[in-house]
Each structure stands twice: as C-alpha cells, then as structure tokens.
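To start, the structure itself, in structure tokens.
Residue numbers begin at 1 in each chain, while the letters A, B, ... track the order of the sequences. Just so it is clear, the model here is predicted, and its values are computed rather than measured. Worth knowing before you read on, the calculation uses all heavy atoms, side chains too, and leaves out hydrogens, waters and symmetry mates.
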Amino acid sequence: MKAVVWQGTNKIGVETVPDPSILLATDAVVRVTSTAICGSDLHLLDGYIPSMEKGDILGHEFMGEVVEVGKAVKKLKVGDRVVVPFNLACGVCDPCQRGLFSACDNSNPNHRMAEAMYGGVSGGGLFGYSHIYGGYAGGQAQYVRVPFADVGPFKIESDLRDDQVLFLTDIFPTGYQAAENCNIVPGRDVVAVFGAGPVGQFAARSAQMLGAAHVIVIDRVPERLKMAEASGAQTINYEQEDVLLALREATGGRGPDHVIDAVGLEAHGHGPGALLDTAQQKLRLTFDRITALRWAIMSCAKGGTVSMPGVYGGLVNELPMGAAFAKGLTFRMGQTHTHRYLPELLGRIESGEIDPSFVITHRAGLSEAPDLYKAFRDKKHGCIKVVLNPWA
Amino acid sequence: MTTNSEQAGAQMTPAERVAYGALGAGLAVLGLRGGHPVQRLLLSAAGVVVAAQAITGRHPVATALKINQGADGEVRVSDAVTIGQGPEGLYARWRDLASLPALMTHLEKVEVLDEKRSRWTVKAPAGTHVSWEAEIMAEEPGRRLAWASLPGAAVENSGEVLFRPAPGNRGTELVVHLTYKPLGGAAGAVVARILGQEPGQQLRDDLMRFKREQELGYAPTARGQSSGRAGAGKGTQEGRV
Ligand SMILES: [Zn+2]
Ligand SMILES: [Zn+2]
C-alpha cells in the first residue's frame, strides 16, 4: 500500500510499504477513506518530537471502512464505517474507566521512554506520533492497523460526508475539550483563543457553543483571522496591535475570563522572550517556545483559566508564574480524551449546530502530502487544513 | 526518610563531580549523534541526569535507577504499581513460585522443593547457569509474600511483595522490595552482573507487564506492523485491491 512516511527532519515522502495485518486478536484493519494533516504533525516534520525513526508511517486523523477484525473483536464488523480517535486507550484501566482516555495506563508499549521523560508515568499511545507514544503506525496510508478495536473506533451510521465527521478524530474534540476546561459561565464569560489554526478555530466555535458572551481570536495570518471572524468572533492581529493592550481594551481592563493557548511548543511572536526561546530551542537548551503561553498568563483575568490544548514536549523558560499566582489562575492542559466526546459532538454535527468541514482549505491525494506539509507549516497558499484521499 | 547509610551514594568528591560532569556531557553528545532513536533518547536523558547530578554532587547512577546501595554493599531495588484487580488473585499468581520467571524476567527457572524451599536459576553468559536455594520467609495470603536465599547462595538475596488495597476501589497496590549482596567469587560476580543490569528498569518493566497481563490479558504491541523500514510488517503481499 501507499503511505506517508517520515524520512528525517524536514523529509517526508510517500512510499510503498507492506499492508498492515492483525497482530493481536483485539485489532482491526481499516481501509482509510479520508485522512488529515494535523498541526501537531508539523512538530514531527520540524524534528521537535524525539524518538521518530526513519520509515515511520505518519498520521493520526483518519477514518474509513473496517476490512478485517481480530478474533476477540466484538463490537466492530467488516464493512463498518468508523472514525478513529487519534489516541489509543485500553478501555479497562483506571484512567480509562474514569473517562481519562488519553491517560490510559496500558496502551503505550514503550512506556519506559515516556516514563524517563515525564516524571515516571506514561500516557497512552498515539497513532503515527513517534516511539515515545508507542510507535504505532499512522493513518496517512491506504490501510491502517487499529489496536483496541472495540474501544476506539466510533461508528458513523448517518450519511454525513467524510469531510463532516473526519475531525471527530482529533481537532474538533481537542478544541471542544479546551473550551470545556474553561468552565465557561454562559452569557457572562469572555474567552480569548491564541492561535487561529484548526484547533483554535474549533476552540473558538466550541466556546461559542458553550455560551461564551464574547470570543476573541489572536493570530497573525489574515485568512485564519477571517475564518474566525466568520463565526462571529472578534480578532486581533498581534503583528499589527499590541496584543495585551488590545485584550485589555476589549474586556474593559479585566482581561479575558479564560484564555486558550491553541499554539503550543512552536509559538511565533516577538520580544526578548521569543528571541531567547528560539535561540535556545535551536541549541536544544529548551524544548518549547512559549510566547502564546506567556501572553495567555499575562492577559487572563483574575480567577480565570489558562487552557492549553497546544502540545508541549519538554521544558520551558521564563514562565511568568508570579502573574499566574497573583491572579489565582487555573491551568488545564493535556491530550484530548477524544473517546469521551464522540457521541455528543456527532450529535452537534447531525443537528446542524456545526459543520466541521468549514476548516478545510486543501484536498489532495497522498502523493501531494510532502508539499502540503510544507505549505501548511509555512502558512502558504492560504493553507489551514489539508484532507488527503489515499485512493485519489 | 532515608538514613545516612542508605542515602544514595551520599556526596561525591570534587574529582567525582568533574568526572561525572564530563560523563554526562559525553552521554548527551552521544545521544544527539546517530544510532537507534530509542538509544539516542535514552542516552540524552541519561546524560542530562548524570550531568545534573554532577552539578548537585549527588551520586548519579544509584538515584537514576531507583537503586539504593547501603554502606555494607547491599543493593536495594524497589518499585510499585497499582493493578485493577483484587489482592487474592494477584497474591496467588506470585505464590505460584514455579511461574515466577514469567513475572521476573531475569529468572530462568524456579523449582519448588517443598512447602518452603525452592531452587532459583538465572542465565549466565556463555550458556551457563547459576542457581541457589531460597526459602519462603513470610506468606500472608492477599497481603505479603517474602523470600530469602539460603546460606551458600552465590549472591545473598531476598525479596518481598506487599499487596494492599488501593483507596477508592482502584484495585491493589503492589510494592516490591528486592535486595542482594554480592559475596565475591566468580559466580557471585557473574550473578551480581546479571542482577545488576538496570535492575530498577527491569523491575519496572516486569511490573508493567504484570499489570497489563492482569488488566488486559495480553501485552499491547506495535512490533511487526508495517513501516517504510526494510523487513517491516508481516504482510508483504502487494496491494489489497
Ligand atoms: Zn491532530
Ligand atoms: Zn486504559
């Protein structure tokens, strides 16, 4: 089959590789009908996530049709149309039982690597996202092996198009969880979203669905700001305005009640903090550039929430903890418990409350993936979200 | 809560600190170079830990691997895991000494001799084996199991497993303490080396494998799946269509 393969930092190719097969009785194999490139895939392209190996198949946002199931699989059958959460969860451990699916104790076979880096514990495995996260082959391919087939895959039985349900695999639940983590008081709270990439777009719309009185989206890319405006959000271009001042003004000096950092470890930005981050990141002295997170803390209202769906990988420098303490902020973060949100969010799509396909700007076959990874990273050609058809 | 004699290697001498600083930097550099990505990551992480401990003057290897070495040369390894099962079944699994090698992978074989005594064997280099006799020192079903080697063992060693209920119906907290004391002599040196290969990491891996066996009934894996690496994947058939 054909698959998008990591060949090294800044090197992504399309190769013919062996078809996947059932390795454990709880596996399924899915024929992929649609798959997307995620903003977090760009951290792999740029080499910021350790433990990638040449030949790893990328991609964690995919859906398709079940073509094979292992002997122990009970809920899925051949022919089912499914979306597959980007994270793997066993469904039986204590975190899974509590709905904390991304914190699964059992789904990462390489737990020792994550334990070495992350305080002696490991979260669950992820599709196509390095060996620290399990080394599972990704879904930017014609077929994919799906472990824990009775736990992750979610059946789509309505006639919604792939475009409308594909983002249930990651960016819609991720934006939604980021907004839910803010505990928005409907009709009262103002929510600011840093980053108008795909996750930021879904976070802004989710904040609106959860009743935010006002939503403000901050970015520097005009077409991304325009997309956010289309939902009724106010926008701030941080290259044209002093972002902290603009947020003060927009909120009567209080600051947004909650701030979502939908940027993560590769934030742009300016000022001495941003320059220091970039220099140190290049020298591998720090992992993460955190301009957006600093702005989030500095702008957030007293008693507010800083919610972080953006991915962080390591250590950060010069975090304004004094400001966070003085204002009594709450920090919420972490990978998305995708499985938990699927029934509710599918319901919102079926009822017409949201059509997630608004975010798609590019559609292509697998062979164009390498160019589109770069266009997406460099924010060229108006690229916001790429959907690939592995059979085109 | 550690006493002085148990503290991990206590303070380093200035010369040791310089040496460990250099070792840490070297490991970190090796980690940044080529090789298998897993090795690169572990080397880099080890390098950072070692270098950091050179800076603080704490003995590096002992703390990095959850090992304590007492003044008497006795090595202690311990770890803990919570498993979503009741204590009785878990205890029974450990009390079945003959099946211990499935839980503790450094063991090759345990033969039960009578109610209390058993013969434990580990693999040694060049196809040889080292054995010793051990005795059950405590058996409290569902709570605690302890054993110790009998006099004459190449390596004096002992172990205990504690089983206690986790709060909030989360199953059982399993705590393992292992100690061993190399006695010198060729066999002792060999066994010390085998047991000394990352014993903290080995115990961790053993406990996670046990947890998954108990909770899932199998070990999750990504081995054998497809990739762009030569020889990857089981299926080599061309396209499915
Ligand atoms: Zn994603
Ligand atoms: Zn789990």
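Contact check for B:Arg212 versus A:His111: side-chain heavy atoms found under the 4.5 Å cut-off. Within the 4.5 Å cutoff, side-chain heavy atoms of B:Pro220 are placed close to those of A:Phe148. Here the side chains of B:Glu215 and A:Cys93 are in contact, with some heavy-atom distance below 4.5 Å. Considering only heavy atoms from C-beta on, A:Arg112 stays 4.5 Å or farther from B:Met208 through its side chain. In this structure, the side chains of B:Thr221 and A:Leu24 come closer than 4.5 Å at one or more pairs of heavy atoms. Within the 4.5 Å cutoff, the side chain of A:Lys54 has no heavy atoms near those of the B:Arg229 side chain.
Nearest heavy-atom pair, A:Gly135 versus B:Ala222, reported as atom, atom and distance to 0.1 Å: O-CB, 3.5 Å. In terms of heavy atoms, A:Asp19 sits closest to B:Ser226 at C-OG, 4.0 Å.
Of the two parts of A:Asp105, the backbone and the side chain both hold a non-hydrogen atom closer than 4.5 Å to a non-hydrogen atom of chain B. Residue A:Ala3: no heavy atom, backbone or side chain, is found under 4.5 Å from chain B. Only the backbone of B:Arg223 comes within contact range of chain A, with at least one heavy atom under 4.5 Å from a heavy atom of that chain. Proximity to chain A (any heavy atom under 4.5 Å) is shown, for B:Ala166, by neither the backbone nor the side chain. Looking at A:Ser130, there are no atoms closer than 4.5 Å to chain B (heavy atoms on both sides), in backbone or side chain.
A distance of 9.0 Å separates CG in B:Leu216 from OG in A:Ser107, rounded to the nearest 0.5 Å. Interatomic distance, CG of B:Asn169 versus CD of A:Gln97, reported as 12.0 Å (0.5 Å rounding). Distance check: B:Gln214 CD to A:Asn106 CG gives 11.5 Å after rounding to the nearest 0.5 Å.
Counting heavy atoms of neighbouring residues, nucleotides and ligands inside a 6.0 Å radius, atom CZ of B:Arg143 does not exceed 12 of them. More than 12 heavy atoms of other residues, nucleotides or ligands lie within 6.0 Å of NZ in B:Lys211, so this atom counts as buried by the packing criterion.
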